[in-house]
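Here is the structure we will look at, set down as C-alpha cells.
FYI, the numbering just counts along the sequence from 1.
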Amino acid sequence: MAKVKKQPRPKAVTPKGFRDYFGAEVIQRKAMLDQISEVYQLYGFEALESSAVETVEALGKFLPDVDRPNEGVFAWQEDDDADWLALRYDLTAPLARVYAQNRNDLPTPYRRYAMGPVWRNEKPGPGRFRQFYQCDADTVGASSVAADAEICAMLADTLEAVGIPRGDYIVRVNNRKVLNGVMEVAGVLDPSDPDKFVTERGVVLRAIDKLDRLGADGVRALLGAGREDDSGDFTKGAGLSDEQAEIVMGFMQAKRDSGAATVARLNELVTGSETGVSGVQELETIAELMAAQGYNSDRIEIDPSVVRGLGYYTGPVYEAELTFEIKDEKGRPRQFGSVAGGGRYDDLVKRFTGQEVPATGGSIGVDRLLAALQAKGRMTKETVGPVIVTVMDRDRMAHYQSIVGELRAAGIRAEVYLGNPKNFGNQLKYADKRNAPLAIIEGSDEAERGVVQVKDLVLGAEIAKTASLEEWKGQPAQSEVKRSELVAVIKKMLG
C-alpha cells in the first residue's frame, strides 16, 4: 500500500509587498484618519465609502507603472465571458464611476471625501507596499480653479492639523496644460492630432516625475535614448532629440525666486501654444487666490517640476512635500519627500457619460505621513496599554472581573490576566509586553483587609534603571489603597 503523502504545512509569511499592522500602528492610524476627516468636514466635504472592487474597464488604464500584468492592478475574471474585476488602485477612479452612476441624485458640485486601503500590483521595495491607505477629498462639477486652490489650502491645513508645522512642508503647484504647451513647442505633442505621440508623451511624463530620484542627468537620459541603472537594467527613453530634451529640461528648471518670476519664465517657454498660455494663466489665478487667503510661498508655491504620475490629470497638479531631513536605512541624510498630491481630471467622468464633467481633488498617503511623524520623533511606535488586574486566587475570578467592570465603567481601559496565573512573575511580564501603566494585585490577605496593591509599572521601570537591590526591595513603585477608593486612585495616577 502506497504511503500517503502528508500535506505540507503552509508557510507563515506575509506576501511580498504587504505587511501586518499591530496595535499601536492601527490606533495611531485611526487617530490620524479622525484628524484628517475633521479638516475635510470643516471644508464642507461629505463622506463616501465605495466598493474596494471595480471592473477593470471602470478603473481605466491610468497607472504610471505598466510593467506588471493588467496595468499594475490586481485583477481576475470570474467566468470566461464575465467582466474583469480588480482591486481599486486609488480612490479617484471609483469616484468617477460613482458620480456617473448617481449624478441625477447628487448635488452639483459634489464634494466628497473617502478613506481606505488601495492596492497596486507594482514591484515592491523599501517603504513601497502594494497595499496602503489613502485619504481623498474631491470636488466634481466645478470648473473654476478656485476648487484647485481650495484643495491646496486644505492639504496645508491638514498637514498642520496632524502635527507637521509650517516650515516642515511645502505644497507645490504646477499645471499639466503648461507641460503640454512645452511639449507642443518641443514637437512632442501635436495639438491638431491629440492621439499622435501618445507613447512618447507618457514616457516624458514618467521621466519628469523621477527628477527627485534620478536627478537632471537621469531624466535627460530618459528623455533621449534611455537609461541603464546600477543593476544593468535598461529603460527605453522617449527618443527626443537633444534640442527637444533641452526644451523640456528648461521647463523643469523654470522655477525662480518668486512666483511672479516663475510664471514669467513659463510664459516665455509656452509662447506659441494656446494650451500652455491657458495653463500659465490658471497658475497665476491660483497664486492670487492663495495669497488672498494668507497662504504665502512658505506654504504653497508654484513649481514646474511637479508632474504627478497618474495619466488622467488635465490641469493643475499639486504635491505636498515634507522638507525636513531624516536618516535612511544606511544612516545617510535625505529629505522625506511627498506625502500627498492630486490634480484636476476633467475627462475622467466623461469616460462614462460622454460629457465633460470638471473635477479636481487631492489624496494623502496616511502610512507615509505616520512614518514621517515617527521619523521626527513626534509620534512613538508604542501606545499605553490597559491596566492589568492580576490573578492571585483562581477561585476569586468573578471578583477580579468585577474590579475590571468598575474600571471600564469609569472609562479606564482594563483587563484581567487570563493566562495561567500560577507564576506571578509571568503576569508582570505580560503586563510589560502590553505596555500596561499599572497592575492591580489583590490576594486573600488584601481582600480580608479591604485593600488592594497598585503597582506603578512605569515608575518601577524607571527606578530599576538606577536603584540598588535594597532600594528595589522597598517597593517604592507599589502602594496600598482602600478597595473602595480604587477607581478614584487609578484615575488620578493615569491622569
Side-chain angles (χ1 to χ4, degrees), residues 139 142-152 171-198 200-205 207-209 211 219 223 238 240-241 243-292 295 297 300-308 310-319 341-348 350 356-360:
T139 299
S143 58
S144 169
V145 291
D148 302 280
E150 180 183 58
I151 296 293
C152 293
V171 179
R172 303 184 296 141
V173 189
N174 193 14
N175 197 313
R176 276 286 177 86
K177 291 180 182 178
V178 180
L179 176 57
N180 288 345
V182 169
M183 287 196 284
E184 284 180 24
V185 173
V188 181
L189 280 182
D190 184 350
S192 64
D193 186 359
D195 295 328
K196 192 176 182 182
F197 305 128
V198 169
E200 292 84 350
R201 177 179 180 273
V203 177
V204 170
L205 288 175
I208 296 175
D209 204 25
L211 178 64
V219 172
L223 293 175
L240 305 189
S241 66
E243 183 180 356
Q244 288 176 314
E246 285 309 311
I247 293 175
V248 175
M249 292 300 298
F251 162 76
M252 295 169 60
Q253 297 165 344
K255 185 181 176 184
R256 299 295 186 263
D257 292 337
S258 69
T262 300
V263 168
R265 174 57 180 150
L266 291 175
N267 266 319
E268 293 174 359
L269 291 170
V270 298
T271 300
S273 167
E274 184 178 336
T275 299
V277 171
S278 172
V280 174
Q281 290 173 345
E282 289 180 356
L283 286 178
E284 284 184 292
T285 301
I286 289 174
E288 290 171 2
L289 290 170
M290 292 290 88
Y295 295 87
S297 59
I300 300 173
E301 67 175 6
I302 306 299
D303 188 340
S305 68
V306 178
V307 174
R308 301 293 298 161
L310 294 175
Y312 51 58
Y313 292 128
T314 59
V317 289
Y318 22 88
E319 194 160 69
R344 177 163 287 275
Y345 49 96
D346 288 346
D347 294 337
L348 204 54
K350 183 180 179 180
E356 185 173 291
V357 179
T360 188

Would you find a donor on one side and an acceptor on the other, under 3.5 Å apart, between the side chain of S258 and the backbone of A261?
yes
Cut-off 3.5 Å, no hydrogens considered: what does the side-chain donor-acceptor table look like for residues 281-290, sequence neighbours left out?
| from | atom 1 | to | atom 2 | distance (Å) |
| --- | --- | --- | --- | --- |
| E282 | OE1 | N175 | ND2 | 2.8 |
| E282 | OE2 | K177 | NZ | 2.7 |
| T285 | OG1 | Q281 | O | 3.1 |

Residues passing the salt bridge (charged side-chain N to carboxylate O under 4.0 Å, His left out) test with E319, sequence neighbours excluded, are R172, R308
Closest approach of A142 to P358 (non-hydrogen atoms, all atoms of both residues):
O-CB, 3.6 Å
Quick one: are P304 and V178 in side-chain contact, heavy atoms under 4.5 Å?
no
Under the ring pair (Phe, Tyr, Trp, His ring centres under 6.0 Å) test, which residues partner Y345, sequence neighbours left out?
Y312
Exercise: identify the closest heavy-atom pair between T271 and V185
O-CG2, 3.9 Å
Side chain Q244, main chain A186, donor-acceptor under 3.5 Å:
yes
By salt bridge (charged side-chain N to carboxylate O under 4.0 Å, His left out) - contacts of D347 (at least two apart):
none
Indicate every side-chain donor-acceptor pair of residues 245-255 with a distance under 3.5 Å to a residue at least two apart or in another chain.
| from | atom 1 | to | atom 2 | distance (Å) |
| --- | --- | --- | --- | --- |
| E246 | OE2 | R220 | NE | 2.8 |
| K255 | NZ | E301 | OE1 | 3.3 |
| K255 | NZ | E301 | OE2 | 2.6 |

Any side-chain heavy atom of C152 within less than 4.5 Å of one from V173?
yes
For T314 and R176, work out which heavy atoms get closest and say how close.
C-CB, 4.0 Å
Rounded to the nearest 0.5 angstrom, the CG-OG distance for D257 and S297 is 10.0 Å
Below 4.5 Å, heavy atoms only, C-beta onward: do Y318 and N174 meet side chain to side chain?
no
L269 versus R265: any side-chain heavy-atom pair under 4.5 Å?
yes
Atom CD of E356: over 12 foreign heavy atoms under 6.0 Å
yes
In this structure, OH of Y313 is separated from CG of D346 (nearest 0.5 Å) by 12.5 Å
Using modelled atom types only, decide if a donor and an acceptor are shared between the side chain of T262 and the backbone of R256 within a distance under 3.5 Å.
yes
Report the residues that fulfil salt bridge (charged side-chain N to carboxylate O under 4.0 Å, His left out) with E243, sequence neighbours left out, ordered by chain and then residue number.
none
Using the side-chain hydrogen bond (donor to acceptor under 3.5 Å, both in side chains) rule, pick out the option among T139, T360, D148 that qualifies with R344.
D148
